[in-house]
Amino acid sequence: MSRPRIVIVGAGFAGYRTARTLARAARGRAEITLLNPTDYFLYLPLLPQVAAGILEPRRVTVSLAGTLPDVRLVLGEAGGIDLDGRTVQYTGPEGERGSLGYDRLVLAAGSVNKLLPIPGVAEHAHGFRGLPEALYLRDHVTRQVELASSDGEGPLCSARCTFVVVGAGYTGTEVAAQGQLFTDALVRAHPLRKGLRPRWLLLDVAERVLPELDERLSGTADRVLRERGVDVRMGTSVKEATPDGVLLTDGEFVSTRTLVWCVGVRPDPLAESLGLPMERGRLLVEPTLQVPGRPEVFACGDAAAVPDLEKPGAYTPMTAQHAWRQGKVAGHNIAASLTGRELRPYRHKDMGFVVDLGGVKAAANPLGIPLSGLPAGAVTRGYHLAAMPGNRVRVAADWLLDAVLPRQAVQLGLVRSWSVPLDTASPELARVPDGRERRRETNTASGGAGAPSTSGRKAVGGGGGDDTSRTITSPTPEPVQSEPAKKNRQGAEPATPRQAAEPAKNQPGGEPAKNQPGGEPAKNQPGGEPAKNQPGREPAKSRPGSEPAAGNQPRPQPAPTRSAPQEGDR
């Protein structure tokens, strides 16, 4: 008798936990396949520390093959699912096509960056959902400070030293807190003209920082940011982004070369392509995480609308801690379904939150006890070490080295601005150039004409089911997902449904974005919902000191014409 085939799509918090739980429960009695664009699980809550130069990139990644020995890893991105034929079509990292048959399917595709119909944002901002974006931000910030140091005087120098973060949820707050410390450290190695200091702005239309937390924790975070020099502006957001800066909703124009977009996430477009009942862009499931009418299909994480049994009529928020715990329930229920045992519903109980503010500062309320300062910092880092499924010693070692040694202020130049667009269905991997772009990269390497400029201006931002494991209940950061490597190459096969969704436009069922004018509270926070009618991404506009120059920059495929914002987007 053949073993049952189980396919898990996505290795984020939900997918990884499902695979690990199922492998232990099945004990070799099932064939488990994990389909994911990358060969690692990403611990997303520590990503701001990668961008700030505290942790090396591999510290926040956990090898799938190394930690899931009884699970078959298939590198690729799901492009379509035939529910009747019980097959999953995918595209591999080098453009090859494949198909996986299943007896049980787990959809744990996660989420992608959320856009709003704000002019210029798609062109001048990036998400913060994966390692490529974190590495780009680290290089970009380092470059701006170095260029400002060499410029000496003038308005361009001040613009390079101004960094704008939109969204005061978990991700935005941590990026601003860590970023201010990082740029202050850079200035010690690259002194600026007298009287000039790196300036970080944190914007949000909410009334306070971290509005989803209680006022005491929110007040702690606000106080730490302001004492550190961060310009915190509540009730304010971006009205328009331009190559030279951002126009705020209060009418002020801020000259900057960096816009960090941290307003939340929306479910992966793959869930919508199934044609099943949806709830605001998320796949409706039963408390057992099964899809109604499709008992062989399970869904969990940000792509699933899971009933909240603690709040009848509501659904669990798109947060990493929920994804992690749902993955465990999904693993047990799939194993039970194979043996005819009773399936159990998903229930949860929050035990607190932690927010890392950099250095020894943090805000936390473990078991409902509010903490700040050094005790909160110790609890926060202790929780992350306990929550991570690997690399604990390496992470602790990097923290120790950062406490006693200066950070390395160098640009590696591994990620170009055009390779990490904000509007992408696959933020896990950097965009791969087509043949024409490869020739330009070759010219760059050889010093020939047409080499892209490296002094570019870009923005980075994003957040994701953004609580990402800062909640003390389960480790909850989410991994990133990548685009097929040869998706735009000449002669490649037609794009799969999921590829065609990128750039994602007009996601049905989307909810108005949080932390934006006319929207609800911020969405880089637990409970984020998708936004409708995402604006299409256009190539970034060139400008002095920006990267890469328009004439020499590898250009992505043209985006479809944008549709007018619907009522829910206003």
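Both backbone and side-chain heavy atoms feed into the values below; hydrogens, waters and symmetry mates do not.
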_Please determine whether side-chain contact (heavy atoms from CB on, under 4.5 Å) holds for the pair Leu343 and Gln290, giving the CA-CA distance in whole Å, both sets of side-chain angles, and the decisive distance to 0.1 Å._
CA-CA 10 Å; Leu343 278 60; Gln290 290 175 298; 3.4 Å; yes

Quick check against the 3.5 Å criterion: does Arg266 have a side-chain atom that pairs as donor or acceptor with the backbone of Lys114?
no

Query raised in the report: Where the side chain of Glu133 meets the backbone of Gly130, is there a donor-acceptor pair that is under 3.5 Å apart?
Result: yes

Closest non-hydrogen atoms of Cys300 and Ala14, given as atom of the first, atom of the second and distance, are SG-CB, 3.7 Å

Quiz item: Counting N and O atoms only, with roles assigned by atom type, does the side chain of Arg344 sit under 3.5 Å from a partner on the main chain of Val329, one being a donor and the other an acceptor?
Solution: no

Here the gap from Ile32 atom CD1 to Arg104 atom CZ, rounded to the nearest 0.5 Å, amounts to 12.5 Å

Val112 and Pro269 have their tightest heavy-atom pair at CG2-CD, 4.4 Å

side-chain hydrogen bond (donor to acceptor under 3.5 Å, both in side chains) between Thr316 and Tyr346, intermediate numbers included
CA-CA 10 Å; Thr316 58; Tyr346 172 70; 6.0 Å; no

inquiry  = I'd like to know if the side chain of Asp103 and the backbone of Pro4 have a donor-acceptor N/O pair within less than 3.5 Å.
reply    = no

Shortest non-hydrogen pair, Leu422 vs Gly127, comes out as CD1-N, 3.2 Å

Report the C-alpha separation of Arg294 and Asp84 in whole Å, then their side-chain angles, then the decisive distance to 0.1 Å, and conclude whether the side-chain contact (heavy atoms from CB on, under 4.5 Å) test is met.
-> CA-CA 10 Å; Arg294 295 282 181 177; Asp84 295 325; 2.8 Å; yes

- request: Might you work through the side-chain contact (heavy atoms from CB on, under 4.5 Å) test for Leu47 and Phe128, ending with a clear yes or no?
  value: CA-CA 8 Å; Leu47 203 57; Phe128 201 72; 4.0 Å; yes

- Query: More than 12 heavy atoms of other residues, nucleotides or ligands under 6.0 Å from CZ of Arg58: is that the case?
  - Reply: no

Distance col, row Arg20:CZ vs Leu68:CG, nearest 0.5 angstrom, shows 8.0 Å

Applying side-chain hydrogen bond (donor to acceptor under 3.5 Å, both in side chains) to Ser218 and not counting sequence neighbours gives Arg208

Item to complete: Indicate yes or no for a side-chain donor-acceptor contact from Asp268 to the backbone of Gly110 under 3.5 Å, with no hydrogens or angles considered.
Response: no

Worksheet item: In terms of the angle between their ring planes, are Trp324 and Phe41 parallel, tilted or perpendicular, with boundaries placed at 30° and 60°?
Response: tilted

Looking only at heavy atoms, the pair that brings Pro292 and Val285 closest together is CD-CA, 4.0 Å

In this structure, NE2 of His348 is separated from NZ of Lys311 (nearest 0.5 Å) by 6.5 Å

Q. Are Arg431 and Asp423 ion-paired here, with the side-chain N under 4.0 Å from a carboxylate O?
A. no

The reported gap from CG in Leu100 to CD1 in Ile8 (rounded to nearest 0.5 angstrom) is 12.0 Å

Looking only at heavy atoms, the pair that brings Ala78 and Val9 closest together is CB-CG1, 3.8 Å

Handout entry: Exam field: side chain Ser419 to backbone Val415, donor-acceptor pair closer than 3.5 Å
Key = no

One should read off an interatomic distance between Glu31 CD and Arg72 CZ, to the nearest 0.5 angstrom, of 6.5 Å

- Item | Asp356 versus Gln49, side-chain donor and acceptor atoms under 3.5 Å | yes

If you count heavy atoms of other groups shown closer than 6.0 angstrom to CZ of Arg394, is the number above 12? no

Check: Thr339 side chain, Ala336 main-chain N or O, donor-acceptor pair, under 3.5 Å: yes

field: Any donor-acceptor pair under 3.5 Å from Thr33 side chain to Val7 backbone
entry: no

Nearest heavy-atom contact between Val291 and Leu283 is CG2-CD2, 3.8 Å

query: Is any NZ, NE, NH1 or NH2 atom of the basic residue among Arg29 and Asp70 found under 4.0 Å from an Asp or Glu carboxylate oxygen of the other?
result: no

task = Check whether any side-chain N or O of Asp39 sits under 3.5 Å from a backbone N or O of Ser63 as a donor-acceptor pair, and report yes or no.
result = no

#### Entry: Glu96 side chain to Glu94 backbone, donor-acceptor under 3.5 Å
yes

TODO: Might you work through the salt bridge (Lys or Arg N to Asp or Glu O under 4.0 Å) test for Glu56 and Arg138, ending with a clear yes or no?
DONE: CA-CA 11 Å; Glu56 289 304 309; Arg138 180 170 170 175; 3.6 Å; yes

When rounded to the nearest 0.5 Å, the distance separating OH of Tyr43 from CG of Leu55 is 11.5 Å

Val265 and Met318: CA distance, side-chain angles, deciding distance, side-chain contact (heavy atoms from CB on, under 4.5 Å) verdict
CA-CA 9 Å; Val265 296; Met318 296 168 61; 3.7 Å; yes

